[in-house]
Number of protein chains: 2
Amino acid sequence: MARNKAFDPEERLAKARDLFWEKGYNATSMQDLVDEMQLNRASIYDTYGDKYALFQQCLQNYAKEKLFDYKQCCDKVSPMTAVESIVRRAVTNKKEGKTCLMVKTSFELASMDDGIKMIVREQAKASISVLQELLEKAKQMNEIPAEKDPATLAQFLYASFSSLWMMDVLFGDKEMLERMADHILDSIRH
Amino acid sequence: MARNKAFDPEERLAKARDLFWEKGYNATSMQDLVDEMQLNRASIYDTYGDKYALFQQCLQNYAKEKLFDYKQCCDKVSPMTAVESIVRRAVTNKKEGKTCLMVKTSFELASMDDGIKMIVREQAKASISVLQELLEKAKQMNEIPAEKDPATLAQFLYASFSSLWMMDVLFGDKEMLERMADHILDSIRH
DNA sequence: AGAATTCCAGAACATTCGTTCTAAAATAAT
DNA sequence: ATTATTTTAGAACGAATGTTCTGGAATTCT
């Protein structure tokens with residue numbers, strides 16, 4: 001009866017996500033999205049809804065990929081090695097100088113918009129859970145001191161990504177970031 | 001010959017700063033500023049220039065106050081106590097849930113706009129210098145271990161403000177922030 | 001008093017914004 | 001072939017954007 005969609009919604013969503021990721025929500029116009037997604041205006045509205053709804057889906061998409069990344073680090077290695085690789089990845093994996101979308105969004109929108117805050121907070125909770133689980137295992141294996149609290153450490157670790165990204169934006173000095181990452185990991189182990 | 005200005009430019013600049021601080025640059029319209037500063041449009045353009053120039057002046061104003069705050073903590077007490085009070089102040093001094101303007105701006109504009117990045121980076125450098133000086137004194141007084149590098153610690157400390165503010169935005173849990181601050185300070189001392 | 005400057009209120013400007021709509025071409029199933 | 005739906009390009013919309021301008025009232029100096 002009907003014509004099929006000529007594009008892959010997930011793939012085009014990724015393009016929108018990358019653009020929001022680069023420019024932020026407010027600085028990205030609908031025209032920018034039309035150009036970048038290579039879709040007609042109407043197709044965007046039909047498929048994703050308005051700009052706000054589109055952004056929410058981008059956030060969800062980003063959260064899913066990010067969490068998948070985290071969990072991928074957890075297998076095959078000792079818990080502390082997993083934690084270390086997650087932190088190192090934050091320093092190394094810089095997609096062309098793009099700051100983490102979740103961190104960016106936390107500061108641009110989450111303080112004013114409860115809908116957005118909820119999405120970002122849930123992603124944060126999930127990430128912190130992964131880290132906490134790793135740290136609890138590490139504690140059992142005496143890889144971190146007995147007096148440390150895995151929950152607090154996990155929160156601190158997750159929050160530290162914001163630190164690393166801010167310093168990356170301001171100074172773009174990779175060695176500085178590595179020294180900071182060293183300190184962050186040392187603070188967990190000792 | 002001429003009429004005097006009927007308002008105090010510094011005082012009205014502070015109002016603009018507070019509004020940018022709350023909403024961010026892009027989400028603040030010129031109309032918002034007219035309402036908040038209680039000034040005529042023309043008076044704003046005559047006194048401060050356009051929106052971008054006004055924002056730059058707000059940033060400078062904020063930087064100056066922030067640095068003054070930091071230096072105020074340095075007198076009369078031991079260097080480590082000064083560092084501690086600066087960190088604690090970041091947790092306690094939350095102006096009605098407003099995230100640090102420098103951190104906010106780092107993520108909203110600094111990655112795209114070099115003019116803004118320069119202002120934020122200079123403020124960061126100045127703050128880090130203050131911290132570094134304190135940490136060097138603390139090291140001489142054996143308040144921190146000999147193997148630690150004050151420069152790296154100062155960078156880490158400054159960056160940690162971004163951590164604390166992000167978690168404040170997302171969770172608004174004061175006790176969580178205090179536990180994180182404890183860990184941050186412990187990581188310096190041991 | 002008179003000249004100079006700044007104030008205010010608001011109109012006016014051209015852009016840009018997000019969004020909706022029109023209309024024709026393309027494709028898929030019946 | 002017919003029907004149904006999605007595609008495309010682009011026009012159109014009202015609202016909001018940043019900015020400039022007009023005009024007149026208010027104030028300060030000589």
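We name chains A, B, ... by the order of the sequence lines, and we start the count at 1 in each one. This one's a predicted model, so the numbers in the text were calculated from it and none came from an experiment.
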In whole Å, what is the span from the [atom1] atom of [X] to the [atom2] atom of [N]?
X: A/Leu33; N: C/dC17; atom1: CG; atom2: P; value: 11 Å
X: A/Asp35; N: D/dT8; atom1: CG; atom2: P; value: 14 Å
X: A/Asp46; N: C/dC21; atom1: CG; atom2: P; value: 11 Å
X: B/Met30; N: D/dT19; atom1: CE; atom2: P; value: 6 Å
X: A/Lys51; N: C/dT16; atom1: NZ; atom2: C1'; value: 12 Å
X: A/Gln31; N: C/dT19; atom1: CD; atom2: C1'; value: 13 Å
X: B/Ile44; N: D/dG18; atom1: CD1; atom2: P; value: 11 Å
X: A/Met37; N: D/dT8; atom1: CE; atom2: P; value: 11 Å

Please check if the number of heavy atoms outside B/Met118 that lie under 6.0 Å from its CE is greater than 12. no
With sequence neighbours left out, write down each residue that passes ring pair (Phe, Tyr, Trp, His ring centres under 6.0 Å) with [X], or none if nothing qualifies.
X: B/Phe156; value: A/His183
X: B/Tyr48; value: none
X: B/Phe171; value: none

Does B/Ser29 place a side-chain N or O at less than 4.0 Å from the phosphate oxygens OP1/OP2 of D/dA16? no
Can you list every side-chain hydrogen bond (donor to acceptor under 3.5 Å, both in side chains) pair that touches residues 113-123 of chain B, not counting sequence neighbours? B/Tyr52-B/Asp113, B/Gln123-B/Ser127, B/Gln123-B/Tyr158
Sorted by chain and number, sequence neighbours left out, side-chain contact (heavy atoms from CB on, under 4.5 Å) with B/Ala53 holds for B/Asp50, B/Gln57
Within the sub-3.5 Å range, which N or O atoms of nucleotides 8-11 of chain C have a protein N or O partner, and how far apart are they?
unit_1	atom_1	unit_2	atom_2	d
C/dC8	OP2	B/Ser43	OG	3.3
C/dA9	N7	B/Asn40	ND2	2.3

